[in-house]
Structures are given as structure tokens and as C-alpha cells.
Amino acid sequence: MRQKVVLVTGANGEIGHGLIRHLAKTTEANIVALDVVPLDKSLRPFCSTYIVGDILDQMLLGRLVVEHEIATIYHLASILSTKAEYNPETAHRINVEGTMNLLRLAVEQSQWQGTPVRFVYPSSIAAYGIPTLNEKTQAKAACEDEWGHPTTMYGCNKLYCEHLGRYYSSHYRQLAADCGGSETVDFRAIRFPGLISAETTPTGGTSDYGPEMLHAAAKGEDYNCFVRPDTTIPFMVMPDAIKALISLEAAPRNRLSQFVYNVTSFSLSAQEIFKIVLKAFPEAKIHFAVDECRQKIVDTWPERLDDSAACQDWDWKPDFDCERSFHEYLIPAIRERYQ
Ligand code: SER
């Protein structure tokens, strides 16, 4: 008998860390963790299997389904926005072809099992592209169907993969004779704002200045913030990001009116983050040294997200507002971590 499992790709990443711990604590799920590098030792006790491998490796994915019955996929593996710009074509392969491989696997699994496999996909604020800074500062909170012209490879990849998910869920092989008769994947995506975790630091994102400021200050390291002080985007702490993924996964399909949902918590300027960090760590050596290219990317991302669809369809509500995020979660946990 094959074992029923939850597959987590990109298991070693920031979201993977939080998600695997949470799933292990709150469910009986057998977790299969997949990542291109060996799984962090601290996560191994929580997983029934951990595999080092590439989501572009079809053989590996084929072997996965020989051994496991995959009920849910959290497809977290991705190359983030800054890193992707250094090799856009490679990023495209990993972000898009990798996602397509997993969607195909999910459709096949759904058909074998006779029930839809849930495919939970973290999309991003990077899927937005506001043409000018003036329009960004004037804009109301962005809805999912607005500003759909991202300027980064990562943003384009995320937006396109949202469409791929919708396609595989609703229109896959629509001309086939047996179309409509067999199960397809149940795709659900969340557009995250910048994420901040107390446990890990991000690698290769463009919203990284938020978490980097905080972690550098706690470690007593110098930090040059690469965006202007007035730069504003929404942020969310990792426990809320995990809550969002888990809640969307658990929501009954008939309540979901769309495939892609914004979630958000609080919006802050880099200057406001700087002030909070300085108050908590008065010795912090943080300066602003603007990187014009990365600045240009953040300038296309909305200041605020409209998450009313998520609130309505699956009762989304963050647990942490700005005050709680910094004073009850981030600052105490990060302080303890680097003590
Ligand atoms: N945090 C991501 C990045 O900066 C956005 O989703 O790339």
C-alpha cells in the first residue's frame, strides 16, 4: 500500500520551515519534503521522508508517485525576484517548468485517486506591476485583477503560474474525448506581501530589506537598506503566512469564488521599519544606500493589498497586526535567537 502524504517542495525555504513545523504539530500528515539541498536537520524529525532533488527531474517526480499517494501539494520551491534577474531563463525554468511538472503530477494523481489533489501555491505581490511611482502612491489597495504587468521574471512567472493552475483545474485537455469525466487538480493560490520570519532570513528577494534590517540589528551587524526611506509595501509575519496557507487549503471548494487570493497584514515604509528596529536595538548601525535597480522593482509593487475576497470566502484574518508582529513575535524571538 502506498502511503498517503503531503508533499512540500522547497522545504528548506523560509515558508517551508514554518509550514513543516506547523503541519507536524497540528496534523497527523505524513510529510514528504523535497528540496535541492539536504533538508535542514531541525526539520527532519517532522518529515516521514526527505528527498534531495530537482523539481525539473521528471524521473524523480515519477518515482515519488510510485511510492506515495499524494493528497496535497504545497509547491513552495521558487527563485525569488532579485535572484531571478541574474539568470532569468534559469529562473523561468525552475519557476514555470517546475510548477508545470508538479501540476501534471497533481492531475495524474487526482485521476488515479478519483478525487482532486489540493495544490497550494504561494504567489506574490511581485505579480503586480504598477507603471509609475506616482500611480503607486495614488492607488487604492490593489485587487487581484488589477495592475497585471509585472516587471520582474519572478513576477511574470508567478502570474503565469496562477493562470496555469487555473488552466489545469478547469480546462486541462479540454478537447479530449474523456474531458469532463475525470478529476483534475484543485488549485489554490495566495498572493503574499513581503514576509518576515524570526527564525530564518530570506534569500534573493527584493522585499528582503525588511527582515534583513531586523536580523542585522539583532546580530549587531552593519546594514545598508537598499531602498529609499519612503518606500512602502505590505508585510506579514511568517505565522500569519502559514495560517493563510493552511486556511486556504482547508476551505471547502464550493466557498471559493476565485483561484488566487491576496492576503495582507500591515503596510510600512522602510523608514517606519527602521524606526521600530532602532527603538528595539538602539545600537543598530543601519544606513540607507539605495540600489536604483532593486528600488525600481519595489516601486512597481502596491503599497496596499485588498484581501476582502479572502476575508469573505475563507474567513481570512491575520492574527498579527503591526504592533503584535514586532513586539510580541519578531523582536522577542529574534533577540533570543542571537543572544
Ligand atoms: N519576497 C518576494 C521577493 O522579494 C516577493 O514575493 O521576491
Side-chain angles (χ1 to χ4, degrees), residues 9-10 12-19 74-88 90-92 94-96 98-99 120-130 136 142 144 147-162 165 189-215 225-228 231-242 244-245 248 260-270 273 290-291 293-305 307 325 330:
T9 73
N12 259 330
E14 282 214 281
I15 301 180
H17 270 81
L19 180 68
Y74 289 93
H75 174 40
L76 313 178
S78 175
I79 303 285
L80 293 185
S81 57
T82 290
K83 213 167 164 194
E85 291 309 307
Y86 291 108
N87 195 337
T90 299
H92 182 279
I94 294 166
N95 292 346
V96 176
T99 301
V120 185
Y121 181 67
S123 186
S124 163
I125 189 176
Y128 290 103
I130 304 183
K136 165 171 168 151
E144 288 86 350
W147 308 111
H149 292 89
T151 63
T152 60
M153 178 53 95
Y154 171 77
C156 293
N157 295 162
K158 286 290 180 189
L159 186 59
Y160 178 60
C161 287
E162 293 175 359
I190 292 184
R191 279 196 194 156
F192 281 120
L195 297 180
I196 315 182
S197 170
E199 281 82 44
T200 48
T201 44
T203 42
T206 320
S207 60
D208 293 4
Y209 60 89
E212 281 173 356
M213 245 193 261
L214 195 53
H215 283 264
C225 176
F226 57 82
V227 294
R228 290 185 317 268
T231 305
T232 303
I233 57 165
F235 285 96
M236 174 181 285
V237 289
M238 196 53 78
D240 272 335
I242 303 307
L245 289 169
L248 180 59
V260 179
Y261 290 93
N262 282 340
V263 293
T264 190
S265 178
F266 53 89
S267 289
L268 285 181
S269 68
I273 300 177
V290 177
D291 174 333
C293 298
R294 293 179 94 186
Q295 177 73 57
K296 246 166 72 191
I297 292 175
V298 188
D299 283 345
T300 67
W301 294 351
E303 288 195 354
R304 283 165 300 129
L305 294 174
D307 61 358
S325 292
L330 290 169

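Remember, it's 1-based here, ligands and their atoms both numbered in the order they're listed. Since this is a predicted model, take the numbers as computed values, not measurements.
Neither the backbone nor the side chain of Ala126 comes within 4.0 Å of ligand 1, counting heavy atoms alone. Residue-level proximity to ligand 1 for Phe235 is absent, since no heavy atom of it falls below 4.0 angstrom. For Phe192, no heavy-atom contact with ligand 1 is shorter than 4.0 Å.
With respect to atom 1 (N) of ligand 1, the closest heavy atom belonging to the protein is Ser207 OG, 2.9 Å. Of the protein's heavy atoms, Ser81 OG, 3.2 Å lies nearest to atom 3 (C) of ligand 1. What sits closest to atom 6 (O) of ligand 1 on the protein, heavy atoms only, is Ser124 OG, 2.5 Å. Protein heavy atom nearest atom 4 (O) of ligand 1, with residue, atom name and distance: Thr206 N, 2.5 Å.
Annotation: cation-pi geometry not satisfied between Arg294 and Tyr209 (NZ/CZ under 6.0 angstrom from ring centroid, within 45° of ring axis).
Polar contact check, Asp208 against ligand 1: no nitrogen or oxygen pair lies under 3.5 Å apart. Distances between N or O atoms of Thr82 and those of ligand 1 include no value under 3.5 Å.
No side-chain donor-acceptor contact under 3.5 Å links Lys158 to the backbone of Ile125.
Taking a cut-off of under 4.0 Å to the non-hydrogen atoms of Leu80, the atoms of ligand 1 that pass are 7 (O).
Side chain to side chain, Glu14 and Thr200 meet the donor-acceptor criterion of an N or O pair below 3.5 Å. When only modelled atom types and interatomic distance are considered, Ser81 and Thr206 share a side-chain donor-acceptor pair under 3.5 Å.
Remark: Tyr261 pairs with Trp314 by the ring-ring contact (aromatic ring centres under 6.0 Å, His included) rule, at least two apart or across chains.
Expressed to the nearest 0.5 Å, how far SG of Cys293 lies from CD of Gln295 amounts to 10.5 Å. For the atom pair CG (Leu80) and OG (Ser124), the distance works out to 8.0 Å, reported to the nearest 0.5 Å.
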